[in-house]
Amino acid sequence: MKCRHCNNNLTHIFCDLQTCPPSNAMVKMDNVNFPETYFPLKVFVCEKCWLVQVDEIEKVENIFNNEYTYFSSYSSSWLAHAKNYADEMTERFGYNQDSLVIEIASNDGYLLQYFKEKKIPVLGVEPTANTASLAKEKGIESIVDFFGSQLASEKLLGKADLILGNNVLAHVPDINDFVKGVKLALKPNGVNTFEFPHVCKLVQYNQFDTIYHEHFSYLSFTALKTVFEKQGLEFFDVQELPTHGGSLRIFTKHKDDTSKEVLHSVANMLKMEKDLGVNTLKYYQGFQEKVDKIKCDFIQFLIQCKKGGKKVVGYGAAAKGNTLLNYCGIKGTDFIEYVMDASPYKQNRLIPGSRIPVFHPDKVKDSKPDFVIIFPWNLSDEISQQLSFINDWGGKFVVVIPSLKIF
Ligand SMILES: [Zn+2]
């Protein structure tokens with residue numbers, strides 16, 4: 001395998017999660033007798049440019065199709081985050097009715113709706129037609145396509161005052177072409193922001209469950225700086241965010257745009273990463289051992305529950321839980337009876353690989369489990385508050401990452 005940025009031969013393995021099916025390929029009850037396709041899930045680090053990455057085994061068109069079941073609008077904390085972003089950016093850069101805000105991977109319009117409320121023109125780019133049609137119901141037009149240099153030069157050339165993308169950069173197989181597209185679509189004084197989970201948090205907090213096939217790259221500021229500079233874009237600010245267990249929001253502009261000052265945050269972040277050792281192989285070694293300890297602890301917990309006659313269910317049928325369950329080899333309903341999820345698109349389906357059924361969260365009130373495992377640990381406060389009534393029958397919550405915790 002070659003590095004998707006610098007074409008270097010990749011030989012250093014960061015983490016090997018063996019095999020699992022694509023994490024969003026929920027199994028319909030009708031398809032229960034059909035097999036699923038498993039793909040290797042191995043993460044490499046490039047010792048030339050420090051991009052952490054998985055191989056593109058499943059074609060991206062097969063992953064982000066009309067069966068894609070991720071709808072952004074289902075998390076209230078994520079909506080609040082989107083609204084704050086729209087407020088902050090509008091105030092900082094003075095967008096108005098003459099501006100154009102383009103979001104890449106605009107999903108169901110969960111974020112652009114807040115710019116639209118301010119009468120700022122918006123345009124989404126979203127490859128999945130079913131999510132784009134939900135955006136249209138909110139009055140948000142989307143180009144149903146994958147973003148890249150071709151789309152940018154044909155339809156978006158020099159149009160955007162702001163191009164943003166949240167949790168998309170890591171999902172792009174050809175990151176060079178994608179960033180080239182940003183360069184093409186941006187107005188001469190335009191601003192680009194991307195938010196993505198910071199690989200340093202992944203390493204620090206054992207977030208191996210954020211590794212899945214749809215997630216091609218695991219990004220450091222150091223690695224990305226090279227990727228953007230190669231396309232003529234310059235970082236001028238970076239913010240650390242608590243979302244997804246610790247994300248970065250990068251701000252980029254055309255290299256020759258002198259209207260914006262490069263803030264100290266850029267040099268500070270580079271120094272912080274250098275101090276951690278992001279540009280050394282040592283930094284990435286030893287991660288697998290930490291992952292395997294979590295696997296052991298989790299399996300041990302489930303076995304103890306089973307032997308003690310305790311009832312265990314899960315919350316959140318999303319990629320994180322799927323990676324964890326598959327890597328830990330949990331199958332069927334013998335350890336975890338079901339998983340709750342608020343999204344109707346996931347209910348009454350089976351989790352890929354582990355084939356645990358997914359039901360409406362109300363089911364928990366009847367089944368009164370002893371333990372509810374919260375798979376999206378980044379939302380554990382929100383979810384444990386919503387389900388605080390499980391305390392009435394002595395139920396407890398469990399998170400597995402960064403280490404097993406019962407509360
Ligand atoms: Zn590389």
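Excluded from the calculations below are hydrogen atoms, water molecules and symmetry mates; all remaining heavy atoms, backbone and side chain alike, are included. Atoms within a ligand are numbered from 1 in the order they appear, just like the ligands themselves. In this chain, residues are counted from 1 in sequence order.
Take E154 and apply the salt bridge (charged side-chain N to carboxylate O under 4.0 Å, His left out) test, not counting sequence neighbours, and it matches no residue.
Sequence neighbours left out, the pairs with a member in residues 273-289 that pass salt bridge (charged side-chain N to carboxylate O under 4.0 Å, His left out) are K271-D275.
By the 30° and 60° cut-offs, the orientation of the rings of W78 relative to H244 is perpendicular.
The pair E36-R355 counts as a salt bridge, with a side-chain nitrogen and a carboxylate oxygen less than 4.0 angstrom apart. Ion pair E240/K201 flagged as a salt bridge, since at least one NZ, NE, NH1 or NH2 atom sits closer than 4.0 Å to an Asp/Glu carboxylate oxygen.
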Please tabulate, for side-chain N and O atoms in residues 88-95, each donor-acceptor pair with protein atoms closer than 3.5 Å (sequence neighbours left out).
from	atom 1	to	atom 2	distance (Å)
E88	OE2	R249	NH1	3.3
T90	OG1	A86	O	2.5
R92	NH1	D237	OD2	3.0
R92	NH2	D237	OD2	3.1

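Annotation: protein N, O or S atoms under 2.8 Å of the Zn ion (ligand 1) (waters excluded) comprise C3 SG, C6 SG, C46 SG, C49 SG.
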